Q: 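Sharing a structure with you now.
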There are 2 protein chains.
Amino acid sequence: MSQESPKRPRGTALREQVMQTALELFSDRGYFNTSIHDIRRAADVSIGAIYHHFGNKEALAKALYDDLLMHMERDIDEACFGRGNCADRCRAIIARLFESTAESPRMMQFVLLAQHREFLRDEPPICSSRPFQAMKQVVEDGIRNGDVRAIEPWVAASAMFGGALRMMQLSLDNALERPLATYLDEVFECGWRAIRS
Amino acid sequence: MSQESPKRPRGTALREQVMQTALELFSDRGYFNTSIHDIRRAADVSIGAIYHHFGNKEALAKALYDDLLMHMERDIDEACFGRGNCADRCRAIIARLFESTAESPRMMQFVLLAQHREFLRDEPPICSSRPFQAMKQVVEDGIRNGDVRAIEPWVAASAMFGGALRMMQLSLDNALERPLATYLDEVFECGWRAIRS
DNA sequence: GTCTATAATCCGATAGAC
DNA sequence: GTCTATCGGATTATAGAC
């Protein structure tokens with residue numbers, strides 16, 4: 001019979017194994033409290049393999065960050081797709097963000113709470129990343145067609161989604177009694193009251 | 001004449017010099033990107049003096065964090081003092097937070113954005129710190145006396161202040177065109193519309 | 001209390017075999 | 001492509017003089 005023992009991953013599988021392990025460790029302990037040796041051990045690969053695939057520690061974090069931002073952007077695009085109404089879009093975005101927070105807390109922890117600029121020096125602040133720009137865009141469209149009051153777009157976007165983002169942080173900090181999803185209606189209602197015309 | 005050259009600080013002055021320097025470096029480059037030697041050089045003191053006063057690097061960060069939280073708590077208490085009305089209190093809190101963000105951006109950067117739990121391992125999440133509890137309390141009082149709709153207190157507090165906190169982050173990231181204070185009216189109006197009864 | 005010099009450790013990255 | 005062994009450097013913390 002062919003070998004039954006758990007094989008060490010190789011090639012693309014190895015690359016993904018390293019990224020997943022890095023995400024776990026980075027979001028649990030933080031980037032600076034995680035050494036390459038820690039990742040090596042937890043992912044059961046060699047140091048050489050990590051450096052072959054990523055070059056250095058910072059590039060590994062960057063690859064992870066880009067991957068997660070892309071994932072988040074796709075989530076938001078999907079939430080908006082087929083909904084022309086501003087309120088519906090905003091609600092769907094919050095619902096999707098809440099789902100992702102519950103399903104992939106480490107992903108959200110890393111994207112939202114990690115201080116990327118501490119280690120990804122040349123990375124722009126997360127507010128200018130595409131997912132956050134997309135959220136602002138939805139609100140701006142609402143202002144243009146009259147669904148939303150005519151206020152400063154940054155203020156409107158912060159009012160619409162700021163409460164939801166704080167609730168996500170609270171959930172990640174285990175400060176909430178109930179699952180995040182159970183607050184969805186109230187959270188959306190608050191955000192929408194804040195900006196609707 | 002007595003010596004005119006800039007004296008090295010000693011005693012309590014030294015302690016405060018170290019804390020101020022540490023705040024600057026921590027908030028600019030981050031805790032892990034700042035070494036004790038960096039602080040030593042920037043503050044023009046000796047390593048020995050730093051260890052004498054604080055014991056170790058983590059304790060220095062903790063002392064700084066406690067100091068800033070206390071400062072923030074006092075700001076919020078002062079903003080509430082003499083105002084019995086929920087809306088007035090909330091507005092005054094936001095105004096004070098905006099002022100502090102403009103006057104002491106590094107302080108806000110460190111308190112809000114720094115990932116304390118990465119280095120202050122046993123510190124509770126910031127949402128359970130006294131300043132944030134006080135903000136929640138103001139909203140809960142508003143619910144009790146009918147000024148605020150009867151919704152989950154965490155949701156209400158997040159809706160009232162979440163937008164303001166996001167605007168502070170945007171300001172710290174230099175994403176806003178105008179000074180933070182100029183957005184105060186709109187930001188408060190949004191938050192209040194979100195939760196008023 | 002403050003200083004300088006140094007110890008002990010750990011980490012990121014590389015070299016070179018396979 | 002993947003591995004192990006190791007280097008060079010930086011960092012925290014201590015020792016001991018003053």
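What you see is a predicted model, and the numbers here were worked out from it, not measured in a lab. The chains referred to below are lettered A, B, ... by the order of the sequence lines, with proteins before strands, and numbering in each begins at 1.
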Q: Give the ring-plane orientation class for Phe119(A) versus Phe32(A), where under 30° counts as parallel, over 60° as perpendicular and anything between as tilted.
A: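 Phe119(A) and Phe32(A): perpendicular rings.
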Q: Nearest-Å distance, CZ (Arg41(B)) to C1' (dC3(C))?
A: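 Checked: the CZ to C1' distance equals 17 Å.
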Q: Round to the nearest Å and state the distance from Ile39(B) atom CD1 to dA13(D) atom C1'.
A: 14 Å
Q: CZ of Arg40(B) versus P of dG1(C): gap in Å, rounded?
A: 21 Å
Q: Distance from Phe132(A) atom CZ to Leu165(A) atom CG, nearest 0.5 Å?
A: 5.5 Å
Q: Could you list by number each residue of residues 10-33 of chain A showing a heavy-atom separation from DNA chain D of less than 4.0 Å, or answer none if no residue does?
A: Arg10(A), Gly11(A)
Q: Expressed in angstrom and rounded to an integer, what is the separation of Ile36(A) atom CD1 from dA5(D) atom P?
A: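 In whole Å, dA5(D) P lies 19 Å from Ile36(A) CD1.
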Q: Got a sec, which pairs hit ring pair (Phe, Tyr, Trp, His ring centres under 6.0 Å) with one end in residues 137-185 of chain B, sequence neighbours left out?
A: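 Qualifying pairs, neighbours excluded: none.
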Q: Test Met168(A) against every option in Leu112(A), Leu176(A), Ile94(A) by the side-chain contact (heavy atoms from CB on, under 4.5 Å) rule and name the one that passes.
A: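 Testing Met168(A) for a side-chain contact (heavy atoms from CB on, under 4.5 Å) against Leu112(A), Leu176(A), Ile94(A) leaves exactly one candidate, Leu112(A).
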Q: Could you list all the side-chain hydrogen bond (donor to acceptor under 3.5 Å, both in side chains) pairs where at least one residue sits in residues 50-60 of chain A, not counting sequence neighbours?
A: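 Counting only pairs at least two positions apart or across chains, no side-chain hydrogen bond (donor to acceptor under 3.5 Å, both in side chains) contact touches residues 50-60 of chain A.
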Q: Hey, could you give me each pair passing salt bridge (charged side-chain N to carboxylate O under 4.0 Å, His left out) that has a residue in residues 83-92 of chain B? Not counting sequence neighbours.
A: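 Matches after skipping sequence neighbours: Arg91(B)-Asp185(B).
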Q: Tell me, which pairs form a side-chain hydrogen bond (donor to acceptor under 3.5 Å, both in side chains) where one or both residues lie in residues 130-143 of chain A, sequence neighbours left out?
A: Glu73(A)-Arg130(A), Gln137(A)-Asp141(A), Asp141(A)-Arg144(A)
Q: Near DNA chain C, counting only heavy atoms under 4.0 Å, which residues of residues 45-54 of chain A show up?
A: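 Residues of residues 45-54 of chain A that come under 4.0 Å of DNA chain C are, in numerical order, Ile47(A), Tyr51(A).
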Q: How many whole angstroms separate atom CZ of Arg8(B) from atom C1' of dC3(C)?
A: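 Distance check: Arg8(B) CZ to dC3(C) C1' gives 8 Å.
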Q: Return the orientation label for the Phe110(B) and His116(B) ring planes: parallel under 30°, perpendicular over 60°, tilted otherwise.
A: perpendicular
Q: Just the rounded figure in Å: distance from C1' of dT9(C) to NZ of Lys57(B).
A: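 Nearest whole value for this atom pair: 15 Å.
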